[in-house]
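These notes concern the structure reproduced below.
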Number of protein chains: 2
Amino acid sequence: MATSARQGPYFCGIDAAMDVVTGKWKSLILWELHEHGTRRFAELRRGLPGVSEKMLVQHLREMEEDGLVHREVYPVVPPKVEYSLTEHGVSLNTALESLAAWGTERMRRIGAKKVATDAA
Amino acid sequence: MATSARQGPYFCGIDAAMDVVTGKWKSLILWELHEHGTRRFAELRRGLPGVSEKMLVQHLREMEEDGLVHREVYPVVPPKVEYSLTEHGVSLNTALESLAAWGTERMRRIGAKKVATDAA
DNA sequence: TGCGGTACTCACCCCGAGGTGAGTGCCACC
DNA sequence: GGTGGCACTCACCTCGGGGTGAGTACCGCA
């Protein structure tokens, strides 16, 4: 699976970036972390309605491998793990901002609806 | 399949954009068209080593539906079809540029190789 | 006493993205 | 006259991305 790797030869910068962002929830996780700074596992799960725990863990692990997110484990009695963006994650998000703007424009064009979230 | 649709509710602008760009070759097609302006079917196929004809046609059709590429058919004896970016395609590509830059930087970081292409 | 929350792992399954290969009609070239 | 190129379409198959549901060790609260 994606345990390690994700370094295959690329055609250009775009797919090198896409490779890291591809996955049903990756970009949304990035966005959540960007919006909230630091989030616990359960907070992320609640913030992404519809995500399965397996996928969330898996994507988080991959993004950690790719150096996008930082995982801070607190060895406390009820487990506590905090996820945050690394500098690479932050810069990726910055790079995604123009894409987000384009997507927002596209949503307006085609009249797409927004998924209701408890966020914000 | 993807014949029509691709207008589902989105979480934010990012996945509205990702929805249109997701597909193994979509972003590369966008890039090819951006680099060369106008390309014929067979030129695209040669420009994307490894793409299957089926996928190329399918992606091209979807991107046409999404208003990203323009398809110009010349009713000549050996079939001739030219693909080019629409204004939406061009603006999407512009939005992808910062992502491409990030990806290029990532390639340098992890020491990823580039796929050899005949493109300049 | 038992339920719910925290942060997972594991096993299993399913569907669809994507690949393969053949067929098409017409032409140019060798 | 046969091959190859053009721009596809169609049928078939595979594989893995992603979903479901259960299990875990420990605690707090009702």
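Letters go in sequence order (proteins before strands), and every chain restarts at 1.
- Within the 4.0 Å cut-off from OP1 or OP2 of dT6(C), not a single side-chain nitrogen or oxygen of Arg40(A) is found.
- The side chain of Ala42(A) approaches dT6(C) more closely than any other nucleotide in the set dT6(C), dT9(C), dT20(C).
- Side-chain proximity of Pro79(A) to the nucleotides dC6(D), dC8(D), dT6(C) is greatest for dT6(C).
- In this structure, Met55(A) places its CE atom 17 Å from P of dC13(C), rounding to the nearest Å.
- Close to dC6(D), at under 4.0 Å from its OP1 or OP2, lies a side-chain N or O of Arg46(B).
- Residue Tyr74(A) is out of contact with every strand shown, counting any heavy-atom pair closer than 4.0 Å.
- Between Arg46(B) and Glu43(B) no salt bridge is recorded (no basic side-chain N to carboxylate O distance below 4.0 Å).
- Straight-line distance from the CD atom of Gln58(B) to the P atom of dA11(D): 15 Å, rounded to whole Å.
- Note: CG (Leu48(B)) to C1' (dA7(D)) measures 16 Å, nearest angstrom.
- When the nucleotides dT20(C), dG18(C), dC8(C) are ranked by their closest atom to the side chain of His59(B), dG18(C) comes out on top.
- Among the candidates His36(A), Arg71(A), Arg39(A), the single residue satisfying the side chain to side chain donor-acceptor pair (under 3.5 Å) test with Tyr83(A) is Arg71(A).
- Across every non-hydrogen atom of Gly67(A) and Thr86(A), the tightest pair is O-OG1, 2.5 Å.
- For the pair Glu53(A) CD and dT6(C) C1', the interatomic distance rounds to 10 Å; values are reported in whole Å.
- Map Trp25(A) and Val73(B) each onto its nearest nucleotide of DNA chain D; the residue landing nearer the 5' end is Val73(B).
- Within the structure, a side-chain polar atom (N or O) of Arg61(A) is placed less than 4.0 Å from OP1 or OP2 of dT9(C).
- Scanning all heavy atoms of the two residues, the minimum distance from Met18(A) to Ser27(B) falls at CG-OG, 4.1 Å.
- For Lys54(B), counting side-chain heavy atoms from C-beta on, the closest listed nucleotide (dC12(C), dA7(D), dG19(C)) is dG19(C).
- Between Leu92(B) and Leu99(A), the closest side-chain pair of non-hydrogen atoms falls below 4.5 Å.
- dG18(C) atom P lies 8 Å from atom NZ of Lys24(B), rounded to whole Å.
- Checking dC8(C), dA7(C), dA7(D) against every side-chain atom of Arg71(A), the shortest atom distance belongs to dC8(C).
- Taking atom CG of Leu56(A) as the reference point, atom P of dG17(D) lies 17 Å away to the nearest angstrom.
- Rounded to whole angstrom, the span from the CZ atom of Arg39(A) across to the C1' atom of dT6(C) amounts to 15 Å.
- You'll find that the side chain of Ser52(A) is closest to dG19(D), out of dG19(D), dT20(C), dC6(D).
- The side-chain tip of Arg45(B) does not point at the ring of Trp25(B) from less than 6.0 angstrom away and within 45° of straight on.
- Separating the CZ atom of Arg45(A) from the C1' atom of dT6(C) is a distance of 8 Å, rounded to the nearest angstrom.
- The side chain of Val57(A) lies closest to dC8(C), out of dT6(C), dC6(D), dC8(C).
- Of all nucleotides listed (dC6(D), dG19(D), dC8(D)), dC8(D) comes nearest to the side chain of Val81(B).
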